[in-house]
Amino acid sequence: SLTTDCQNNNELFFTTERTIRQLKRIAKNNNVKIASIKQLTDDVRFKNKDLIPILHNVYRVEKEPVESQPKDILLYECTNKYTESDFVARSIKQLIIEEGYTYDDIAVVFRDENSYDGVIDTTLKKYDIPFFMNKKEDIFSKHLIKLVNSVFDVINSSYNREKVLNVLKCGLLSFTQEEISNFENYLLMWDIKGSRFTKPFTDNPRGFVSEFSKGDQKLLDQINRVRETLITPIVKFREFSKEQDPSVITKNLYNLLIAYKIPENIVSMCQTLTNSGEDDFSDEQRRLWDILMNVLDKMYSILEGQKLSLKEYGELLSLQFNYTEIGYIPRSIDQVVVSGIERVRLTQKKAIFVMGCNEGIFPKSPSPSGVFTDSERKLLIEQGLEVNDSTFELNFKEMYLAYYALTLPSEKLYISYSNSTLKGESMSPSSILREVTSIYPNISFSDDSALSTSDKLWSENSAFEYTAKSIRN
C-alpha cells in the first residue's frame with residue numbers, strides 16, 4: 001500500500017506519486033496487467049476527532065479551518081532545548097499518572113536523530129521515564145571495529161607510533177592501564193617509530209642514566225612483553241598476507257584476532273558489563289563480534305580468487321563496515337520511543353511529542369548535492385534516468401516528514417519549539433506551527449512562563465532539583 005491523496009493531490013505526496021509512476025512503467029515494460037486501484041478512505045487511526053482535520057488539511061493548498069479550539073493539540077514555546085525536554089518529560093509523567101497512559105502509548109520524535117543527544121535522554125532519566133532511543137550508531141567508534149581498522153593503519157603507515165597506540169588502547173587487549181602507560185611513555189621518551197617496533201627495546205626506561213638498576217631491567221622486560229604481544233601478530237599477519245588471495249588474508253586476519261585472544265576478552269568484558277547492570281553494552285559487544293564474522297565471511301566468499309593488496313583489502317573491509325548498521329531492540333515492552341522522524345515506524349501510539357519545530361530545522365532547509373541543476377535533473381528524469389532529488393523535491397520530502405509526524409497520534413499531539421539556541425541566538429517557529437494555526441485559528445499557545453510549582457514536582461529528582469534551586473536563591 002502507498003500513502004497518497006487522490007482527492008487533493010499536491011506536492012506533499014510527490015515521492016509516493018513518483019513510486020506509483022515507476023511501478024506502472026515497470027509493469028507496462030513487462031506486460032503485467034495492473035488491477036484497479038483500491039482507495040482506503042476511512043479514518044480508522046484517530047480516536048480523537050480533533051486530529052482528523054490535520055490529516056486532510058496540513059500542507060494542502062486548500063484548507064478548511066476549524067473554528068472550535070482543539071483540546072488535545074498543544075503548542076508549546078520553550079526557551080531552549082533543555083526547557084523543551086523538561087516540558088516533554090513533565091507532560092509524559094502527567095499522562096502516565098493522571099490519564100492512565102502507559103509509556104508504550106507515547107513517542108517523542110524530532111527531525112534529526114542526534115539533535116537532542118545528551119539532552120532529552122538526560123531529562124527522561126531525571127524524571128524516571130523508561131525510554132528507547134532509536135538512533136544510528138557510529139560503528140567505527142566501537143572497540144572491535146576500531147581494532148581491526150587500526151591494524152591495517154599500522155601496516156599502511158609502516159608502524160606509525162600513533163597508529164600502534166590506537167591498537168594498544170582499543171580496549172580489547174589483555175594489558176593493564178599501568179602497562180599501557182609505561183609502554184607509551186617509553187615510546188615518547190626514545191622516539192620509537194617505524195621498524196624499531198619490530199626489534200626488542202634496549203634503552204633504559206628512565207632515560208639517559210649511567211647504569212641499569214634491577215627495577216629498570218624489570219620495567220624494560222615488561223615493556224618488551226607488551227611490544228612482543230602487540231607487534232608480533234601484526235608482523236606475522238603482514239608477512240603471511242603479502243601477495244595472497246583475499247581468502248587467505250581473511251584467514252590470517254581471523255588468526256590475528258585469535259592471537260590477541262579477542263574472543264576470550266569479549267566474553268570477559270560482557271560478563272563484567274552484565275554484572276555491572278550494563279546489559280545493553282554487553283549485548284552490543286556480542287553483536288559486534290557477529291557483525292565482524294559476517295563481514296569476514298562475505299569477504300572470504302566474494303573475493304576468493306581475486307588479487308588485492310593489503311591496503312585495498314583494508315579499504316574494502318572499511319567499506320563493508322560503513323554499510324553495516326548496528327540494530328537495537330527495546331529491552332522492555334513499556335518504554336517511550338525516542339527517535340528521529342526518518343528512522344521511526346510507529347503504529348498505535350496514542351500521544352506524540354513533535355520537538356524542535358523551528359525554522360530550518362523541522363522541516364529542514366533542503367540542501368541539494370551533486371553537479372546537476374534542477375532543470376538538468378528534470379530533463380534526465382524525463383529520459384527515465386534516476387538522479388538525486390532537486391531542491392523542490394527535497395522540500396516536498398521535508399513537508400511529508402512533517403505531515404507524517406503530525407498524523408502519528410490517535411489521541412494527543414504535542415508540538416514544541418525553542419525561541420533561542422543554547423548560545424542565546426533567537427529562533428522562530430517553523431511552517432509546522434503556521435500550518436496547524438491556519439487549520440485551528442483559535443488554538444492557544446503555552447510557554448514556560450505559565451509553569452506552576454506543581455509542574456516541577458513530577459519526579460523525586462525534579463522535585464529535589466527545584467527545592468535545591470529555591471534554597472540557593
Side-chain angles (χ1 to χ4, degrees), residues 85 88-89 92-93 95-96 101-110 113-150 169-177 180 257-258 260-297 321-340 342-349 353 458-462 464:
S85 298
V88 170
I92 291 174
K93 273 294 187 181
L95 290 174
I96 299 298
Y101 279 56
T102 64
Y103 292 112
D104 187 51
D105 292 330
I106 304 166
V108 180
V109 298
F110 30 79
E113 61 185 49
N114 296 318
S115 56
Y116 283 82
D117 280 3
V119 181
I120 185 64
D121 48 336
T122 302
T123 306
L124 292 177
K125 289 175 183 176
K126 182 176 76 174
Y127 280 84
D128 300 319
I129 297 172
F131 65 95
F132 169 71
M133 288 198 77
N134 181 14
K135 64 177 184 177
K136 184 178 180 180
E137 294 281 346
D138 179 15
I139 194 170
F140 292 102
S141 66
K142 305 304 178 182
H143 296 304
L144 183 59
I145 308 304
K146 187 185 293 185
L147 166 64
V148 173
N149 281 335
S150 296
K169 297 178 180 179
C170 71
L172 288 175
L173 303 186
S174 304
F175 300 120
T176 65
Q177 191 59 50
I180 293 173
L257 297 175
I258 298 301
Y260 280 149
K261 299 182 180 179
I262 298 301
E264 297 95 319
N265 293 343
I266 288 178
V267 170
S268 177
M269 177 188 287
C270 290
Q271 188 62 51
T272 301
L273 290 169
T274 301
N275 294 339
S276 303
E278 301 285 351
D279 293 331
D280 289 341
F281 290 111
S282 177
D283 291 344
E284 180 183 274
Q285 306 314 312
R286 294 187 178 93
R287 283 200 301 273
L288 286 167
W289 177 259
D290 291 338
I291 287 171
L292 177 58
M293 292 302 102
N294 288 333
V295 169
L296 292 182
D297 284 342
F321 291 145
N322 195 45
Y323 286 100
T324 303
E325 189 170 320
I326 308 173
Y328 291 92
I329 300 173
R331 301 193 63 81
S332 171
I333 295 176
D334 196 20
Q335 287 181 314
V336 174
V337 174
V338 181
S339 177
E342 282 192 288
R343 288 182 61 83
V344 72
R345 294 294 179 269
L346 299 174
T347 58
Q348 300 178 339
K349 295 296 181 184
F353 292 81
W458 284 106
S459 74
E460 290 185 9
N461 291 328
S462 62
F464 178 82

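Remember, predicted model here, so these are calculated numbers, not experimental data. For this chain, numbers begin at 1 and follow the sequence in order.
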Subject >> Over 12 non-hydrogen atoms of neighbours within 6.0 angstrom of NZ in K261 >> reply: no
What's the spacing between [X] [atom1] and [Y] [atom2] if we round to 0.5 Å?
X    : Y    : atom1 : atom2 : value
I145 : T324 : CD1   : OG1   : 8.0 Å
L288 : L292 : CG    : CG    : 8.5 Å
Q285 : Q271 : CD    : CD    : 13.5 Å
W458 : I92  : CH2   : CD1   : 12.5 Å
H143 : F281 : NE2   : CZ    : 9.0 Å
D283 : L273 : CG    : CG    : 9.5 Å

Where do [X] and [Y] come nearest, in terms of heavy atoms and distance?
X    : Y    : result
K93  : Y127 : CE-O, 2.7 Å
P130 : D128 : CD-O, 3.6 Å
M269 : G171 : CE-O, 3.3 Å
D121 : G118 : OD1-N, 2.9 Å

Original post:
Of the options Q348, K349, Q335, which is the one that meets D104 in a side-chain hydrogen bond (donor to acceptor under 3.5 Å, both in side chains)?
Top reply: K349
Subject >> side chain to side chain contact (heavy atoms under 4.5 Å, CB included) partner of I106, the single match among I96, V337, I129, V338 >> reply: I96
Subject >> Side-chain donor-acceptor pair present, D105, T102, cut-off under 3.5 Å >> reply: yes
Original post:
Going through the distances and angles, do K125 and N461 end up as a side chain to side chain contact (heavy atoms under 4.5 Å, CB included)?
Top reply: CA-CA 9 Å; K125 289 175 183 176; N461 291 328; over 6 Å; no
Main chain of [Y], side chain of [X]: is a donor-acceptor contact present, judged purely on distance under 3.5 Å?
X    : Y    : value
S282 : E278 : no
S268 : E264 : no
S459 : K126 : yes

Could you check if a side-chain atom of [X] sits within less than 4.5 angstrom of a side-chain atom of [Y], using non-hydrogen atoms only?
X    : Y    : answer
F321 : N149 : yes
V267 : W289 : no
R345 : N134 : no

Original post:
For C170, which residues count as a side chain to side chain contact (heavy atoms under 4.5 Å, CB included) partner, sequence neighbours excluded?
Top reply: L147, L172, L173
Original post:
What residues form a side chain to side chain contact (heavy atoms under 4.5 Å, CB included) with D138, not counting sequence neighbours?
Top reply: F140, S141
Subject >> All ring pair (Phe, Tyr, Trp, His ring centres under 6.0 Å) counterparts of F131, not counting sequence neighbours >> reply: none
